Undergrad: 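This is the structure I have questions about; it appears just below.
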Amino acid sequence: MEQTQTIQQKFLLFIKLVLPVLVTQIGLYAMNFLDTVMSGHAGPKQLAGVAIGSSIWVPVFTGLSGILMALTPIVSQFNGAGKREKVPYSVIQSIYLAFALSFAVAAIGFLLLRPILNAMDLDPQVREVAYGYLRALSFGMIPLFLYNVLRCFIDALGSTRVSMLITLTALPINGIFNYLFIFGKFGFPELGGVGSGYASALTYWFITFMAIYIIHKKQPFSEYQVFGKFYPLSLAAWKSQLKIGLPIGFSIFFETSIFAAVTLLMSSFNTVTIAAHQSALNFASFLYMLPLSISFALTIAVGFEVGATRYKDAKQYSYLGIGTAVILALLCAGALLIFPSQVAFMYSNDSEVIHLTKHFLLYAIFFQLSDAIAAPIQGALRGYKDVNVTLVLSLISYWVIGLPVGYVLANHTSLEAFGYWVGLISGLAMGAVTLYFRLAHIQKKQTKTASIQ
């Protein structure tokens with residue numbers, strides 16, 4: 001990161017940050033995308049099983065990753081304030097926290113996974129695929145959490161292209177492993193949807209070792225000597241990070257878990273409906289990588305400027321990000337209107353699944369506009385280290401408004417399964433509006449502070 005003077009310079013620097021983050025996010029999500037698409041071609045029950053497994057895992061992982069994401073504004077503000085010597089200590093403490101979180105999740109999963117799946121009204125084969133998929137994925141849990149910390153450090157320095165290169169290298173490896181384990185090629189066992197879990201776990205180990213090597217050997221990361229000194233575990237440092245990370249994590253969890261909850265509630269519908277819902281939701285989530293990437297870039301840029309007490313610059317970055325996200329959302333919405341059949345065909349050859357997927361995709365159009373506003377604002381607020389109010393707003397928008405509305409419409413109107421999507425849209429829209437007012441409040445407050453100083 002570097003200081004900029006004009007809007008044009010800010011836009012160019014912002015694009016340099018966003019594009020690699022976007023490629024990285026698409027690459028990471030493409031692993032889940034490949035899991036879903038390739039499992040779908042192994043059969044509707046394989047697709048449904050992976051869908052259920054992903055619906056349990058994704059909110060847990062994204063929520064906990066949000067806790068670790070606190071490292072990004074911490075490092076960004078240290079760099080903006082010229083306090084680089086404090087960075088290695090923060091990174092190592094975050095690594096310790098990543099290990100603790102991964103062990104805790106593994107232990108809880110061992111105890112609760114079977115009871116959760118058994119409590120759901122699922123086809124027995126779908127249940128076994130979901131269980132096998134999650135068990136296989138657990139072998140990559142430690143490296144996945146560790147990689148998230150290392151990536152936060154890399155990105156916080158503005159070196160988002162490095163994360164991009166790691167992901168682009170890993171993506172074909174994940175695709176090859178999927179092909180081998182799902183379909184049983186070249187002597188490998190044919191595991192169906194479960195095989196995609198093993199493929200992802202192996203890929204997580206690969207990207208983690210690659211990140212460790214780069215940070216230890218390559219500039220500018222090697223200058224920080226992150227692994228050059230032993231730092232004892234510090235509960236005080238954990239408390240400082242958790243103060244920022246927990247609200248971020250829970251906020252992300254509330255948003256992602258509502259999608260998981262809807263998928264689990266839809267287990268009362270038939271397998272075709274579950275498969276179609278997951279296919280459309282998977283593609284909508286793929287498009288979400290655009291505003292999410294802008295969100296991550298805004299955390300870096302806003303955090304850097306706030307650390308240097310350049311509040312006007314931080315505000316300009318915020319609105320550059322929101323404007324860019326809205327324009328891209330409109331383009332994505334247009335593409336979904338024009339090409340729904342082509343998208344649906346990627347996920348299944350089953351005519352019923354394709355037909356239902358096309359209908360769900362029409363509702364996904366409305367996701368794009370709300371996400372284009374909410375996600376960048378969340379990223380900007382993380383750059384300001386303003387996270388507590390976002391947590392409350394997310395809880396209300398998604399769980400107090402979104403899910404109840406969806407449940408009522410799905411169970412008491414002719415919308416049926418589509419009612420849940422209307423509820424999701426309502427929650428996302430409410431979240432976007434309330435977050436906007438919070439950002440405006442924070443920026444107005446900082447402008448007054450700067451004028452007094």
Side-chain angles (χ1 to χ4, degrees), residues 36 48 51-52 54-55 58-59 62 120-121 251-292 325-326 329-330 332-341 343-344 347 352-375 377-378 393-436:
T36 305
I52 296 297
S54 294
S55 296
V58 168
T62 53
M120 297 170 62
D121 183 20
S251 178
I252 294 173
F253 175 79
F254 290 144
E255 182 175 356
T256 56
S257 61
I258 191 174
F259 291 96
V262 167
T263 298
L264 298 179
L265 286 171
M266 288 184 68
S267 63
S268 60
F269 294 93
N270 59 38
T271 300
V272 170
T273 302
I274 296 174
H277 158 80
Q278 181 62 22
S279 297
L281 187 58
N282 183 266
F283 192 76
S285 300
F286 189 79
L287 294 180
Y288 178 63
M289 295 304 103
L290 287 167
L292 183 63
V326 169
L330 291 171
C332 290
L336 282 175
L337 277 173
I338 298 170
F339 303 111
S341 298
V343 173
Y347 288 90
E352 289 185 78
V353 174
I354 291 173
H355 177 73
L356 270 178
T357 300
K358 288 166 59 178
H359 282 283
F360 279 121
L361 285 171
L362 294 177
Y363 288 91
I365 291 172
F366 296 96
F367 285 3
Q368 307 308 310
L369 294 176
S370 295
D371 284 334
I373 298 172
I377 292 176
Q378 287 177 325
L393 294 177
S394 297
L395 174 61
I396 295 172
S397 299
Y398 303 131
W399 284 90
V400 177
I401 297 174
L403 189 60
V405 168
Y407 183 83
V408 170
L409 293 175
N411 292 277
H412 300 286
T413 73
S414 59
L415 285 171
E416 295 185 332
F418 299 111
Y420 283 117
W421 283 61
V422 175
L424 291 174
I425 292 166
S426 301
L428 288 170
M430 180 59 67
V433 172
T434 53
L435 285 169
Y436 174 79

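Predicted, not measured: the structure shown is a model, and the values here were computed from it.
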Undergrad: So how far is it from N411 CG to E416 CD, rounded to the nearest 0.5 Å?
TA: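 Nearest 0.5 Å value for the CG-CD distance: 9.5 Å.
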Undergrad: Answer yes or no: are there more than 12 heavy-atom neighbours, outside M289 itself, under 6.0 Å from its atom CE?
TA: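 Yes, enclosed.
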Undergrad: Give, for atom OG of S370 and atom CD1 of I425, the distance between the pair rounded to the nearest 0.5 Å.
TA: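 Reported to 0.5 Å precision, the distance equals 8.0 Å.
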Undergrad: Check G427 against Y398 and note the closest heavy-atom contact, atom names and distance.
TA: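 The answer is O-CE2, 3.7 Å.
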Undergrad: Does some side-chain heavy atom of L330 sit less than 4.5 Å from a side-chain heavy atom of L369?
TA: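 A side-chain contact exists here, since the closest heavy-atom pair is under 4.5 Å.
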Undergrad: Measuring from L362:CG to T357:OG1, what's the distance to the nearest 0.5 Å?
TA: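 Spacing of CG (L362) from OG1 (T357) equals 11.0 Å.
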Undergrad: So, taking the atom named CG in L265 and the one named OH in Y420, what distance separates them when rounded to the nearest 0.5 Å?
TA: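 L265 CG to Y420 OH: 4.0 Å, rounded to 0.5 Å.
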Undergrad: Are side-chain heavy atoms of L287 and L336 found at a separation under 4.5 Å?
TA: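 Yes. Closest side-chain heavy atoms under 4.5 Å.
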Undergrad: Mind checking the OG1-CD1 spacing from T434 to I396? Nearest 0.5 Å is all I need.
TA: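 It comes to 8.0 Å.
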Undergrad: So which atom in T273 and which in A417 form the shortest heavy-atom distance, rounded to 0.1 Å?
TA: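 Shortest heavy-atom contact: CG2-CB, 3.9 Å.
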Undergrad: I need the minimum non-hydrogen distance between A374 and A432, along with the two atoms involved.
TA: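 Heavy atoms of A374 and A432 come nearest at CB-CA, 3.9 Å.
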Undergrad: Rounded to the nearest 0.5 Å, what separates atom CG in L415 from atom OH in Y363?
TA: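 Output value for this atom pair is 5.0 Å.
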Undergrad: List the atom of A344, the atom of L361, and the distance in Å for their closest heavy-atom pair.
TA: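 Of all heavy-atom pairs spanning A344 and L361, the closest is N-CD1, 4.3 Å.
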Undergrad: Within the structure provided, determine whether L337 and I365 are in side-chain contact (heavy-atom separation under 4.5 Å).
TA: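 Sidechains of I365 and L337: in contact.
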Undergrad: Provide the closest heavy-atom pair for L435 versus I377 in the form atom of the first, atom of the second, distance.
TA: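 Shortest heavy-atom separation between L435 and I377 comes out as O-CG2, 3.4 Å.
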Undergrad: So L356 and F418, do their side chains get closer than 4.5 Å, heavy atoms only?
TA: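 Result yes, sub-4.5 Å side-chain heavy-atom pair found.
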Undergrad: Minimum heavy-atom separation for A276 to V353, with atom names?
TA: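 It is CB-O, 3.7 Å.
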